[in-house]
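Below is one structure, written out as structure tokens; the observations come after it.
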Amino acid sequence: MLQVNVIRNKKEDVIERLALKNYTDINVIDHIIELDDSRKKLQFEIDETQSKINASSKEIGQLMAAGKKELADTKKGEVGSLKSLLQPVNEKLSAIENELHDELIKLPNLPHTSVPKGKTPEENEIVREGGKKKPLQKDAIPHWDLAKKYDLINFELGNKVTGSGFPFYKNKGAKLQRALIQYFLDYNTSAGYTEYQPPLLVNEESAYGTGQLPDKEGQMYFSGADNFYLIPTAEVPLTNIYRNDIIKETELPIRLTAYTPCFRREAGSYGKDVRGLNRLHQFDKVEIVQMVHPEKSYGVLEEMVIHVERLLQSLELPYRILRLCGGDMSFASALTYDFEVFSAAQEKWLEVSSVSNFESFQSNRMKIRFKPAQAPGGNADGKTQLVHTLNGSSLALPRIVAALLENNQNTDGIHLPKALQSYFGKAKIY
RNA sequence: GGAGACUUGUCCGAGUGGUUGAAGGAGCACGCCUGGAAAGUGUGUAUACGGGAAACUGUAUCAAGGGUUCGAAUCCCUUAGUCUCCGCCA
């Protein structure tokens, strides 16, 4: 959620940048400012009246103590009429506050100045590519066939027990999952991220905090008896840890990591894109989240990109990094880098990570703030301000598995990258 | 799941209708003291939204929401959470 003051003070800039995200409803901007104006006016009016009421109430107390009951009763009458005056103004104020909030929540985050123009994924900017595409054997097969050949994943069983998009991993397939999770978490914690194991169901407030609600409830599984949502990503519980908190500046940056299954309804996707592991309703992911000082967030974003890039390099997979164009970015993001790996048998690039800086868009919703450290030799100077939040996947498992299987297939089995061998316990799957 | 007790500031803790944003203590920050430190001592130490050039100032907030009252941290209702006992259970 954007801050009203930003909209007020940099109106032209805001309009220009919203256009990059294909948001062109300028009237909303003006409407927001108008609403904020009347909000202030009404607030002032109410404060004034309330102040009078409070003063009179004190007087009444003193009059009663002095035994001047008649005077007190007169005062009571005065206060009563002030109060009846106040009531409709109060109602008006809360109506306006609600409307203001509803308008603000519709605005997407402002894209960073480095975000390329564009509307479709084709207009994303390729930042760099890495890793080597190795030539495959002649009879190379896609991962869903490899999964069957080596008895790693059973998709049909998932259909039977739950539905499509809920596979069973089995034997070495299950172990590979476990190895990847363990490896990713170790990699993150040794880089200074604190490991969590969060709840997989969250309440409404949390889903709202990270921006899944109010718009995207259709994408989440919902447990109606308790009003809980199954998390679509660990970002939701992790970021919400600090909802409504004021953090000491000395505690920043806060770095969190967690492995969780992720649940996505993904209504409306079909065809060959969803074949095998390409798109699932339940999948495993290791996530990283940071909360940082606003001035440092873009430096941290680059660090996170390098962090994920090195992880991909250690898996010896061909990858590329994209800077998303305005039209392809998520609602809440100010700058996003996507990571894709090349899955050789499908000859497709698959997204395996998305690293974003949300600036204060989420923290404003969630009221995650920090208190500046006291300046030496003086009192606290700076005001409490919003932190910047960032997150990224490191990494989403299914497509990594797809690429590992396809790219590393050989006549004698699937060769695993060195980094993974000690976790998996063997050098190959056969 | 049943019964009861409880929920106050960074923490501990007082407060059961009238200058209580909230005693007291601890912590923390800054200063004094000291050769330096400890001890001692002084001052300061919540958040949000307003007004004001500023100094400063208004309003709201004692789990959350609502109600009673001229006035609520204090009384009532609802919800959430914590603890104790019982039941159940991986």
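In what follows, chains carry the letters A, B, and so on, assigned in the order in which the sequence lines appear, proteins first and then strands, with residues in each chain numbered from 1.
- Comparing A22(B) with G9(B), their C1' atoms sit 9 Å apart, to the nearest whole Å.
- Look at D37(A) and K40(A) and you find no salt bridge, because none of the NZ, NE, NH1 or NH2 atoms lies under 4.0 Å from a carboxylate O.
- Nearest-nucleotide assignment on RNA chain B puts the 5′-proximal partner with E97(A), out of S51(A) and E97(A).
- Atom CD1 of I96(A) is separated from atom C1' of C49(B) by 15 Å (rounded to the nearest Å).
- For the pair L86(A)/Q50(A), a side-chain contact is recorded, criterion being any heavy-atom separation below 4.5 Å from C-beta on.
- Between L42(A) atom CG and C49(B) atom C1' there is a gap of 13 Å when expressed in whole angstrom units.
- Along RNA chain B, the nucleotide nearest to Q62(A) and the one nearest to D47(A) differ in position, and the one closer to the 5' end is contacted by Q62(A).
- As a whole-Å value, the separation of D226(A) CG from A80(B) P is 11 Å.
- Comment: E205(A) engages R243(A) in a salt bridge, judged by a side-chain N to carboxylate O separation of less than 4.0 angstrom.
- Taking every side-chain heavy atom of T384(A) into account, U47(B) is the closest of G50(B), U47(B), G58(B).
- Using a 4.0 Å heavy-atom criterion, one finds that I246(A) contacts the sugar-phosphate atoms exclusively.
- Using modelled atom types, one side-chain atom of T189(A) and one backbone atom of D186(A) make a donor-acceptor pair closer than 3.5 Å.
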Check your understanding: Stepwise, does the ring pair (Phe, Tyr, Trp, His ring centres under 6.0 Å) test hold for F263(A) with H281(A)?
Key -> CA-CA 5 Å; F263(A) 304 90; H281(A) 287 307; over 10 Å; no
Could you pull out the protein-nucleic contacts involving nucleotides 66-73 of chain B (nitrogen or oxygen on both sides, under 3.5 Å)?
from: C70(B); atom 1: O2'; to: S57(A); atom 2: OG; distance (Å): 3.0
from: G71(B); atom 1: OP1; to: K83(A); atom 2: NZ; distance (Å): 2.4

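- Under 4.0 angstrom from either OP1 or OP2 of C49(B) there lies no side-chain N or O belonging to R39(A).
- Side-chain N/O atoms of K371(A) include one lying less than 4.0 angstrom from OP1 or OP2 on U47(B).
- Here the C1' atom of nucleotide C49(B) and the CG atom of N5(A) are 11 Å apart, to the nearest Å.
- Salt bridge D30(A)/K11(A): present, at least one basic N to carboxylate O contact under 4.0 Å.
- In this structure, the CD1 atom of I46(A) is 15 Å from the C1' atom of A48(B), given to the nearest Å.
- Protein atom CG of D245(A) is 18 Å distant from nucleotide atom P of A46(B), rounded to whole Å.
- A salt bridge links D13(A) with R17(A): at least one charged nitrogen is closer than 4.0 Å to a carboxylate oxygen.
- In this structure, K40(A) atom NZ and G52(B) atom C1' are separated by 13 Å, rounded to whole Å.
- Neither side chain, E204(A) nor N227(A), offers a donor N or O lying under 3.5 Å from an acceptor on the other.
- Remark: R369(A) does not engage D245(A) in a salt bridge, criterion side-chain N to carboxylate O under 4.0 Å.
- The closest side-chain donor-acceptor pair between Y183(A) and S314(A) falls under 3.5 angstrom.
- Stem analysis of RNA chain B (Watson-Crick or G-U pairs, both distances under 3.5 Å, runs of at least three) returns B:1-7 with B:80-86, B:10-12 with B:24-26, B:27-32 with B:40-45, B:46-51 with B:56-61, B:63-67 with B:75-79.
- One can place NZ of K41(A) at 24 Å from P of G58(B), the figure rounded to the nearest angstrom.
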